Amino acid sequence: SENRTMHINADKSPLQVFVRAKKKINDIYVEIEEYVAETTTFINALHAEAEIVDKAERELFESYVLKVAGIREVLARDHMKVAFFGRTSNGKSSVINAMLREKILPSGIGHTTNCFCQVEGSDSSEAYLMKEGSEEKLNVVNIKQLANALCQEKLSESSLVRIFWPRERCNLLRDDVVFVDSPGVDVSANLDDWIDNHCLNADVFVLVLNAESTMTRAEKQFFHTVSQKLSKPNIFILNNRWDASANEPESQESLDKVRSQHTERCIDFLTKELKVTNEKEAAERVFFVSAREALQARIEEAKGNSPSQGAIAEGFHARYFEFQDFERKFEECISKSAVQTKFEKHSSRGKTLSGDMRSMLDNIYERITIFRNLKLDQKTLLSERIQGTETEMMNVTREMKLKIHNMVEEVEQKVSKALNEEI
Ligand code: GTP
Ligand code: MG
C-alpha cells in the first residue's frame with residue numbers, strides 16, 4: 001500500500017541514524033534510572049537501620065536521581081539544527097520551504113525576513129508560533145497570517161520567532177530537524193550577537209548564494225567569524241537561482257565555465273580560507289540549484305502531478321536532481337554530526353554516573369564488611385537474632401553490589417555498541 005511505501009522510504013532516510021541513536025541512548029538511561037531508584041531505596045534503608053551510610057552520602061545519591069532525570073529531559077529535547085545564511089533575496093527562505101515541501105516561510109518582495117525564524121516539529125495538528133520571551137501560543141492558520149504576524153510587531157532582527165509546524169506534514173520535522181532562517185547578512189551590524197545567540201549549537205550551516213553574482217565580503221566575513229567560534233563547522237554552499245542561467249543567451253560551454261569558476265571559488269573558500277574541510281569533502285558540499293523551482297515541483301507532486309510541472313526553465317531535471325542530491329548529503333552530514341556531538345556526551349556522562357555509583361557501593365560494601373566483623377568479634381554481646389540480621393544485610397548488599405557492577409558493564413557495552421553502529 002502507499003502507506004507502507006512511505007514508511008519504507010522514510011526509514012531509509014539517513015536521518016534515521018539520529019532517530020535510532022536517540023532511542024538507544026534513551027533506553028540506556030531508562031535502565032540507569034531504574035537502577036538508581038532501586039539503589040536509593042536500598043541506601044535509605046541502610047541508613048535507617050544501621051547508620052552505615054551517612055547523610056551526605058545519601059544526599060549525593062539522591063543527586064544522581066536528579067542528574068539522570070535532567071539528562072533524560074535534555075535528551076528528549078535533542079534535535080538536529082541547520083541554520084541558513086546569505087545575502088538578502090538570495091533565496092534562504094525559499095530553500096527552507098522547498099525542503100519542507102510547502103510554502104511555510106514568507107518569501108519574496110515585501111516579505112524580507114526581518115528576524116530569526118525557527119521552524120520545528122510539533123505534535124499538535126495545528127501550526128502556531130511563539131515569540132521570544134513569551135509563552136503565548138499564537139495560532140497560525142495560513143501563510144498570510146504568519147507573514148502578517150511577522151511583519152506586524154517591531155521585532156529586533158536578532159530576536160527569534162519559533163514556528164511550530166505539525167510533524168506529520170514533513171519527514172524532516174518528524175525526524176527532529178530544526179530549521180533556522182535569518183535576515184540577510186548584508187543588512188545586519190550585529191553578526192557577532194547572531195552567532196552567539198543562534199549559531200553555536202547548529203550542526204550544519206547552509207550558505208545560500210546567488211549564482212548570478214559572486215560571493216560578497218559580508219557573506220565571507222560571517223563564515224570567518226563562525227569558524228573562529230566553532231571548530232570546523234559543517235558548511236554547505238548552495239548556488240541558488242541556477243534556473244536563471246538557462247535563460248542566458250550564452251552557449252552551454254560558457255555556462256559550464258561559469259559553473260566551474262563558481263565551484264572552484266566555493267571550494268577554495270571552504271578549504272583554503274576557512275580551512276574547515278578538505279578538497280574531496282568540499283566538492284560534495286557545493287551545489288547549483290533552484291529553490292523556487294524545487295518548491296514548485298514539490299507542490300505539484302503533492303497535488304499528484306508530475307514535478308516537472310513546476311519547472312521554471314529548461315534543464316529542470318538536472319537541477320531538481322541536484323537539489324535532491326544536496327538534501328541527501330545534508331541529511332547524512334547532519335545526523336552523523338548530531339550523533340557525535342550530542343550522544344557521545346550523553347553516553348560518556350552515563351558511564352561516569354554509573355561508575356560513580358559503583359565505587360560508592362563498593363565503599364559501602366567494604367564498610368559493612370568491617371562493621372560486621374567487628375560485631376562478630378563482640379559475638380558474646382550479640383544475640384543470635386542480631387547476628388542473623390547482620391548476615392542478611394551483608395547478603396543484600398552483596399547482591400546490590402553485583403547488580404550495579406552488572407549494570408555498569410551493560411551500560412558500557414550498550415553505549416559502545418550504539419556508538420559503533422551509528423558512526
Ligand atoms: P530575505 O529574507 O529578504 O533575506 O531573502 P531570502 O534570502 O529569504 O530570499 P527569498 O526566499 O525571500 O527569495 C527572494 C525572491 O527570490 C522570491 O521572490 C523568490 O521566489 C525568488 N527566488 C528564490 N529562489 C529562487 C530561484 O532559485 N530562482 C528564481 N528564479 N527565483 C528565486
Ligand atoms: Mg527570507
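Everything quoted here is computed from the prediction, not taken from an experiment. Counting convention: from 1, in listed order, for ligands and their atoms alike.
Atom 14 (C) of ligand 1 has its closest protein heavy atom at Ser89 O, 3.8 Å. Of all protein heavy atoms, the one lying nearest to atom 22 (N) of ligand 1 is Arg241 NH2, 3.8 Å. Looking only at protein heavy atoms, the nearest one to atom 19 (C) of ligand 1 is Ser94 OG, 3.7 Å.
Ligand 1 places these atoms under 4.0 Å from at least one heavy atom of Ser290: 26 (C), 27 (O), 28 (N). Below 4.0 Å from some heavy atom of Ala291 lie the following atoms of ligand 1, by number and element: 27 (O). Close contacts of ligand 1 with Gly184, meaning ligand atoms under 4.0 Å from a residue heavy atom, involve 4 (O). Close contacts of ligand 1 with Ser107, meaning ligand atoms under 4.0 Å from a residue heavy atom, involve 10 (P), 11 (O), 12 (O). Atoms of ligand 1 lying under 4.0 Å from any heavy atom of Asp243, numbered from 1 in the order shown and given with element: 26 (C), 27 (O), 28 (N), 29 (C), 30 (N). Residue contact check: Asn90 has heavy atoms under 4.0 Å from atoms 7 (O) of ligand 1. Below 4.0 Å from some heavy atom of Thr112 lie the following atoms of ligand 1, by number and element: 2 (O), 3 (O).
Using a cutoff of 4.0 Å between basic side-chain nitrogens and carboxylate oxygens, Asp176 and Arg167 are scored as salt-bridged. Comment: Lys23 engages Asp27 in a salt bridge, judged by a side-chain N to carboxylate O separation of less than 4.0 angstrom.
A heavy-atom separation below 4.0 Å is not found between Ala244 and ligand 1.
Within the protein, the N, O or S atoms lying under 2.8 Å from the Mg ion (ligand 2) are Ser93 OG, Thr113 OG1.
A donor-acceptor pair is defined here as one N or O able to donate and one able to accept, closer than 3.5 Å; no such pair exists between the side chain of His262 and the backbone of Asn239.
Cation-pi geometry between Arg72 and Tyr29 is not met at under 6.0 angstrom from the ring centre and within 45 degrees of the axis. The cationic group of Lys92 does not satisfy the cation-pi geometry with Phe84, failing either the under 6.0 Å distance to the six-membered ring centre or the 45° limit from the ring axis.
In Thr113, the parts holding a heavy atom less than 4.0 Å from any atom of ligand 1 are both the side chain and the backbone.
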